[in-house]
Amino acid sequence: MLQRKRAKRSQETLAAHAGEIEITQAGRPLAMPLYQTTVWGFDSVEDANSIYHDPSKGWVYYRSSGPNQSAFEKAFAQMEGAEASRATGSGMAAIFTALITAAQAGDHIIAEKSIYGVTVSLFLKQLSRFGIEVTFADLSDEQAVKAALKPNTKAIFFETLGNPLVGVADLAALANLARENKLVSIVDSTFTPPTLLRPLEYGVDVVVHATTKYTNGHSDALGGILSGNKNFVKMATESAQLIGLTMSPFDAWMNVRSLKTLPLRMGAHCRNALAIAQWLEAQPQVSRVHYPGLESHARHELAQRQLPKGFGGMLAFEIKEGGAEEVQRFIKALEHIPYVPSLADVITTVNYPAMTSHRHLSLEQRNAVGVTDRLVRISAGIEDPADIIADLEQALSVL
Ligand SMILES: *Cc1c(COP(=O)(O)O)cnc(C)c1O
């Protein structure tokens, strides 16, 4: 079709058809090509219809899906041990999609109280507008969960490792509790990609990730993914497609590229975080280190069972003396470690939760959840740990 009228075609027509190339050579691209197209062209109405009828046969329109998104979903579902996955435009979109699939107007959900601050805002400011009520509770306290249960409770939501204090959720216990009460259990496993932890193996129903963090891992693509059984993911996909919570082909392409090194990167993140945590624990300027890989962590034994391959790349510590002023002096003194209000990059970064995720809380509220003015969060990168520690050491010396 492309060749037939070529000789007579005008500049305008040629320009409009630029890029139409058929690859007929033997062999195939080693890296997956980027399908940066919003829509597909067909030779017939039936060809398009057959895909509308059975989306597993191909792609029609980008808001629904494309080859890059499908490739990422397929690879991630296999790694997560899930029947199916759906990629979304952000981590928040994955959380929102999972929640509106599990609950609707008139329903109630229970969420762990110590979770990512933006998720708290999503639940309080947006889910409430859709008529979904949320109660926050300490999910490690079974009595507190039972007290929060209502006849219309449909789901519980928690994180594998909490932010920023890296508390460890008991996945099997929470999955059981959900099953006994006919709730959908939804876990945000952003801090523990599937190479470290596969929550579905513990009986959790749905896993969400902000792929923006470790999965993509290079601070250059926003995205999310939710995984679970086929039926749940099908319902979630219908909502995500209608609302337009779609991952872009480019971000999906980036995520596929990044999955290839995810196990290697996570190994280095975990080793470095443990080395930093152990070193910090011995420093006179430091009063407390929060890392599940340390024996001093309240749930170290649970963490050892659930995270045999490593405890993740996130840790936090408290300086012994001072407050906001001293923490800011320490952060300014760092030479190679930037202050970054995100996490999971290949380079080590620091964050001050009192001024980022928890900035909307009062001092009393922050102290009550352990996010004091003295708390610094570290996202351990994949550099040589000796270099990271040297920078921390010289910066701590200003305190
Ligand atoms: C960053 C983050 C999110 C949100 O992801 P976005 O891609 O920024 O929307 C959700 N949960 C956790 C634990 C996160 O760290």
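Note that ligands are numbered from 1 as they come in the structure, with each ligand's atoms numbered from 1 the same way.
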Please state which protein non-hydrogen atom is closest to [atom] and give its distance, to 0.1 Å?
atom                    : answer
atom 5 (O) of ligand 1  : Ala210 CB, 3.1 Å
atom 3 (C) of ligand 1  : Tyr116 CE2, 3.3 Å
atom 15 (O) of ligand 1 : Lys213 NZ, 2.8 Å
atom 8 (O) of ligand 1  : Leu222 CD1, 4.1 Å
atom 7 (O) of ligand 1  : Thr212 OG1, 2.6 Å
atom 6 (P) of ligand 1  : Gly91 N, 3.4 Å

Practice task
For Ser258 and Asn216, indicate whether the former's side chain and the latter's backbone hold a donor-acceptor pair under 3.5 Å.
Solution key: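 Judged by distance alone, yes, a pair lies under 3.5 Å.
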Exercise for the section: Would you please indicate yes or no on a ring centroid separation below 6.0 angstrom for Phe76 and His209? Expected result: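 Yes: the rings meet the under 6.0 Å criterion.
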Report yes or no: does a heavy atom of [X] sit under 4.0 Å from some atom of ligand 1?
X      : result
Ile115 : no
Asn163 : no
Ala93  : no
Val118 : no

Handout entry: Electrostatic pair Lys146-Glu142, nearest N-O below 4.0 angstrom
Key =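 So Lys146 pairs with Glu142 through a salt bridge.
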Problem - Salt-bridge criterion met for Asp205 and Arg179 (N-O under 4.0 Å) - result: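 Looking at Arg179 together with Asp205, the answer is no, because their closest N to O distance does not fall below 4.0 Å.
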Exercise for the section: Measure from NZ or CZ of Lys213 to the centre of the six-membered ring of Tyr116, then state whether that distance is under 6.0 Å and the direction lies within 45° of the axis. Expected result: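 The answer is yes; both the distance and angle limits are met.
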Handout entry: Met254 side chain reached by Met247 side chain, heavy atoms, under 4.5 Å
Key =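 Answer no - side chains too far apart.
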Practice task
Give the single entry among Met92, Glu159, Met314, His209 that approaches atom 4 (C) of ligand 1 most closely by any heavy atom.
Solution key: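 Comparing heavy atoms across Met92, Glu159, Met314, His209, the nearest one to atom 4 (C) of ligand 1 lies in Met92.
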What atoms in ligand 1 come closer than 4.0 Å to a heavy atom of [X]?
X      : result
Gly223 : 7 (O)
Leu343 : 15 (O)
Asp188 : 10 (C), 11 (N), 12 (C), 13 (C)

Exercise for the section: Just say parallel, tilted or perpendicular for the rings of Phe136 and Phe123, cut-offs at 30° and 60°. Expected result: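 Rings of Phe136 and Phe123: parallel, under 30°.
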Exercise for the section: Working to the nearest 0.5 Å, report the span between CG of Leu343 and CZ of Arg377. Expected result: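 The CG atom of Leu343 sits 4.5 Å away from the CZ atom of Arg377.
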Exercise for the section: Let me know which of Asn176, Leu302, Thr160 forms a side chain to side chain contact (heavy atoms under 4.5 Å, CB included) with Leu171. Expected result: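 Filter result, single survivor: Thr160.
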Practice task
Consider every N or O of Thr119 and every N or O of ligand 1, then say whether any pair is closer than 3.5 Å.
Solution key: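 No; the residue has no nitrogen or oxygen that sits under 3.5 Å from a nitrogen or oxygen of the ligand.
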Exercise for the section: Please determine, by modelled atom types, if Ser296 and Glu281 share a side-chain donor-acceptor pair under 3.5 angstrom. Expected result: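 Yes, side-chain donor-acceptor contact under 3.5 Å.
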